[in-house]
Amino acid sequence: FFFVNSRMPPKEKKTKAQIAKAAAAGGSGKKKKKWNSGKVKEKSNNAVYFDEATYEKLLSDVPNSRLITVSTIADKLRVNGSLARVAIRDLEAKGKIRRVSTHNSQLLYTSLPKESKEEAKEAEAEA
């Protein structure tokens with residue numbers, strides 16, 4: 001094998017002005033590849049006030065749940081968080097749910113045992 005032209009042509013020398021201009025231009029112009037675009041949470045369209053159907057569902061379904069928090073009510077009934085907090089306070093005032101723990105903003109409630117429910121109904125009937 002014979003290599004006729006084994007040498008590369010000489011590299012062109014850049015002037016200082018050309019080097020400065022290339023540095024100001026900001027490199028090759030290719031952008032860095034992004035490996036993930038990030039997850040986008042879908043926007044939920046929650047109600048901001050109770051209508052009759054939602055309020056009836058609140059009174060019938062929620063007191064039977066074992067774990068009652070703002071987020072569980074917001075998910076089940078499709079209402080916003082502030083409305084769920086008001087609903088929890090309302091149910092507690094009516095004696096339909098019992099507070100387990102409150103820590104800063106996390107409110108934990110549970111359903112009443114069957115004996116307490118019967119006592120609450122009798123007290124409601126007397127009133």
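Here the structure is a predicted model, which means the values were calculated and not measured. What's counted below: heavy atoms across the whole structure, side chains too, no hydrogens, waters or symmetry copies.
In the model, S65 has a side-chain atom that pairs as donor or acceptor with a side-chain atom of K76 under 3.5 Å. Looking at Y49 and N80, their side chains never bring a donor and an acceptor atom within 3.5 Å of each other.
Within 6.0 Å of CG in D51 there are more than 12 heavy atoms belonging to other residues, nucleotides or ligands.
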* May I have the step-by-step check of side-chain contact (heavy atoms from CB on, under 4.5 Å) for L77 and D61, ending in yes or no? => CA-CA 10 Å; L77 303 178; D61 294 354; 5.7 Å; no
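Proximity of Q106 to V70: side-chain heavy atoms (C-beta onward) are nowhere separated by under 4.5 Å. By the 4.5 Å heavy-atom criterion applied to side chains, R99 and L108 are not counted as neighbours. When side chains are defined from C-beta on, T69 does not count as touching L107, because their heavy atoms never get closer than 4.5 Å. A 4.5 Å side-chain heavy-atom check between V79 and T54 finds at least one atom pair inside the cut-off. Taking 4.5 Å as the limit, some side-chain heavy atom of V62 sits within range of a side-chain heavy atom of I68. Between Y109 and R98 there is no side-chain heavy-atom pair separated by less than 4.5 Å.
From I88, atom CD1 reaches atom OG1 of T72 across 6.5 Å, with rounding to the nearest 0.5 Å. To the nearest 0.5 Å, atoms CD (Q18) and NZ (K13) are separated by 12.5 Å. Atom CG of residue N64 and atom CD1 of residue I97 lie 11.5 Å apart, to the nearest 0.5 angstrom. The distance from the CG atom of L91 to the CG atom of L59 is 6.5 Å, given to the nearest 0.5 Å.
T110 places a side-chain N or O within 3.5 Å of a backbone atom of R66 that can act as its donor or acceptor partner. When atom types are taken as modelled, the side chain of E92 and the backbone of R89 share no donor-acceptor pair closer than 3.5 angstrom. Side-chain atoms of S60 come within 3.5 Å of backbone atoms of E56 as a donor-acceptor pair (strictly under, hydrogens ignored).
Scanning both residues, P63 and S111, for their nearest heavy atoms gives O-CB, 2.8 Å.
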